[in-house]
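Below is one structure, written out as structure tokens; comments come after it.
It should be emphasised that the depicted structure is a prediction, and the values quoted were computed from it without experimental measurement. Protein chains get the first letters and strands the later ones, always in sequence-line order, with residue 1 at the start of each. Computed from heavy atoms alone, side chains included, the values below leave out hydrogens, waters and symmetry copies.
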2 protein chains.
Amino acid sequence: METTMRIGELGRATGVEIETIRYYEKAGLLPGPARTQNGYRAYSQAHLEQLAFIRRCRALDMAQDEIRDLLLFKSQPEANCECVNTLLDEHIAHVATRIAELQGLEAQLRSLRAQCKKIRKARDCAILQELAQPDAKPVVKAASHVKGAAGAHRRGK
Amino acid sequence: METTMRIGELGRATGVEIETIRYYEKAGLLPGPARTQNGYRAYSQAHLEQLAFIRRCRALDMAQDEIRDLLLFKSQPEANCECVNTLLDEHIAHVATRIAELQGLEAQLRSLRAQCKKIRKARDCAILQELAQPDAKPVVKAASHVKGAAGAHRRGK
DNA sequence: ACACACCCTGTAGCCGCTCCAGGGTCAAGG
DNA sequence: CCTTGACCCTGGAGCGGCTACAGGGTGTGT
């Protein structure tokens, strides 16, 4: 009676790449499903739902740790949900912080860009000059603040 | 005449960790310095300036590729600086895009959070319920959009 | 003689995937 | 019966930008 699906079907149904699904299993986010005789993964409806849940959390930029916590809460219907609220609040705070950082960054970048309106020799480029100048505002200090964030949002593929 | 400094001094002077400096050398951002008899790195003033330049770029969240390009332009004073401007414009665009994404995210998170005002049993928690619901707006679609960005700004240490 | 601060190389880990090599399984078509 | 092709498996490497550690050498002071 239980309809099961293979990994490819599950991937198509959720829009998740096969390799990512296997990765979630290895990472302990998605429980390992039953196997058919030939060793293929046989997923149930519950797996599909959990995978969709994971993806929605990821779409909200939650880390695996956070998702694991949420899954745990979900599996304990009698627990009280304060922790969920707290987790979400903290996550929102992190996102807000990151936005503020990036906005500061953008302002700096725009002011830097405004230094050079016309095309000149690199030697005279005000942008390169400013980047080379040690006394350029608290830019360097900012580095430690942004720490761990840099290069994060890199262009896809 | 040339005052040289060891890696520890350079680190202190720039606020960059020793391991990071060695990493930049390996990554081709900072040229490998002369060595003393015992094999210690002996950095010149030029190294210090280049490292500071790199850190200012990193503080502006530029990728290593971008920094390498900038360093190249800097080393070609006769080239024209249009490329610098273009690079910066693209970088600004990326930052702006990321900000917009995160703002959308924040709005979603806040509306999700607003679902649960009081503390209840996890079973009844509207947040968990909404995350479990497949038809919750185009959240899932957003996933592919944010792709490559998730988990990026993780809390430092 | 020893402690201690500093330096070296090389390797592994973090996150969230993504991709690849090298194989097995199974149904349809020649 | 054999091949083709779509699908599946495992295990490992790679991305960026570091960070941390193991296991050693060097140089100064007590």
Side-chain angles (χ1 to χ4, degrees), chain A residues 4-12 14-30 32-43 51 54-55 57-68 94 98 143-157, chain B residues 4-12 14-30 32-43 51 54-55 57-68 94 98 143-157:
Chain A
T4 68
M5 57 209 313
R6 300 195 298 188
I7 198 167
E9 293 172 82
L10 180 60
R12 250 166 282 128
T14 53
V16 178
E17 287 204 28
I18 290 174
E19 319 235 83
T20 304
I21 298 174
R22 284 196 286 246
Y23 168 74
Y24 285 159
E25 181 178 333
K26 208 168 49 178
L29 286 178
L30 193 61
R35 300 288 184 132
T36 60
Q37 290 151 340
N38 54 22
Y40 291 5
R41 287 170 178 84
Y43 291 100
L51 179 55
I54 293 168
R55 288 265 84 179
C57 292
R58 289 291 302 122
L60 295 170
D61 213 5
M62 292 180 193
Q64 295 189 350
D65 284 358
E66 293 171 318
I67 300 175
R68 250 184 297 273
H94 284 303
R98 183 67 183 137
S144 70
H145 191 239
V146 179
K147 185 190 280 176
H153 54 286
R154 253 43 250 184
R155 8 304 212 190
K157 136 155 332 179
Chain B
T4 68
M5 57 212 307
R6 300 196 298 187
I7 198 167
E9 292 173 82
L10 179 60
R12 249 167 282 128
T14 53
V16 178
E17 287 204 29
I18 290 173
E19 320 232 85
T20 304
I21 298 174
R22 285 196 285 245
Y23 168 75
Y24 285 160
E25 180 178 333
K26 207 167 49 177
L29 285 178
L30 193 62
R35 300 286 185 132
T36 60
Q37 289 151 341
N38 54 21
Y40 290 6
R41 288 170 178 81
Y43 291 99
L51 179 55
I54 293 168
R55 288 265 84 179
C57 292
R58 290 291 302 122
L60 295 171
D61 212 4
M62 292 179 194
Q64 294 188 351
D65 284 357
E66 293 171 317
I67 301 175
R68 251 184 296 271
H94 285 304
R98 183 69 183 134
S144 70
H145 191 238
V146 178
K147 186 189 279 174
H153 54 287
R154 251 43 250 185
R155 10 306 215 183
K157 126 155 336 177

As a test of reading the structure: which of [options] is closest to the side chain of [X], going by heavy atoms?
| X | options | result |
| --- | --- | --- |
| B/Arg41 | C/dC8, D/dC9, D/dG17 | C/dC8 |
| A/Arg6 | D/dC7, D/dC18, C/dC19 | D/dC7 |
| B/Ile7 | C/dG16, C/dC8, C/dT18 | C/dC8 |
| A/Arg12 | D/dG17, D/dC7, C/dC26 | D/dC7 |
| B/Arg35 | C/dT9, D/dC9, C/dT25 | C/dT9 |
| B/Thr20 | C/dC17, D/dC18, D/dC9 | D/dC18 |

Taking 4.0 Å as the cut-off, does a side-chain nitrogen or oxygen of [X] come that near to OP1 or OP2 on [N]?
| X | N | answer |
| --- | --- | --- |
| A/Asn38 | D/dC8 | no |
| A/Arg55 | C/dG16 | no |
| B/Arg22 | C/dC8 | yes |
| B/Arg58 | D/dC18 | yes |
| B/Gln64 | D/dG16 | no |

Can you see which heavy atom on B/Tyr24 is nearest to which on B/Leu51, and at what distance?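 Nearest heavy atoms, B/Tyr24 then B/Leu51: CD1-CD1, 3.7 Å.
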
With no hydrogens and no angle check, is any side-chain donor or acceptor of A/Arg6 less than 3.5 Å from a backbone partner on A/Leu10?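 Side chain of A/Arg6 to backbone of A/Leu10: no pair is present.
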
A/Arg41 side-chain N/O to A/Arg22 backbone N/O, donor-acceptor pair under 3.5 Å: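 No, because the side chain of A/Arg41 does not come within donor-acceptor range (under 3.5 Å) of the backbone of A/Arg22.
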
Round to a whole Å and report the spacing from [atom1] of [X] to [atom2] of [N].
| X | N | atom1 | atom2 | answer |
| --- | --- | --- | --- | --- |
| B/Glu25 | C/dG10 | CD | C1' | 14 Å |
| B/Leu51 | D/dC18 | CG | P | 11 Å |
| B/Ile18 | D/dC18 | CD1 | P | 16 Å |
| B/Leu29 | D/dC18 | CG | C1' | 12 Å |
| A/Ile21 | C/dC19 | CD1 | P | 15 Å |

Assuming nearest nucleotide by heavy-atom distance, tell me which of A/Tyr24 and B/Glu9 is located more 5' along DNA chain C.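 With A/Tyr24 and B/Glu9 compared, the 5'-side residue is B/Glu9.
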
With heavy atoms under 4.0 Å as the rule, sort B/Lys26 into base, sugar-phosphate or nothing.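 The answer is base, as B/Lys26 lies within the cut-off (heavy atoms under 4.0 Å) of a base atom.
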
Donor-acceptor pair (no angle test) under 3.5 Å: [X] side chain, [N] base:
| X | N | result |
| --- | --- | --- |
| A/Glu19 | C/dC20 | yes |
| A/Tyr40 | C/dG24 | yes |
| B/Tyr23 | D/dG16 | no |

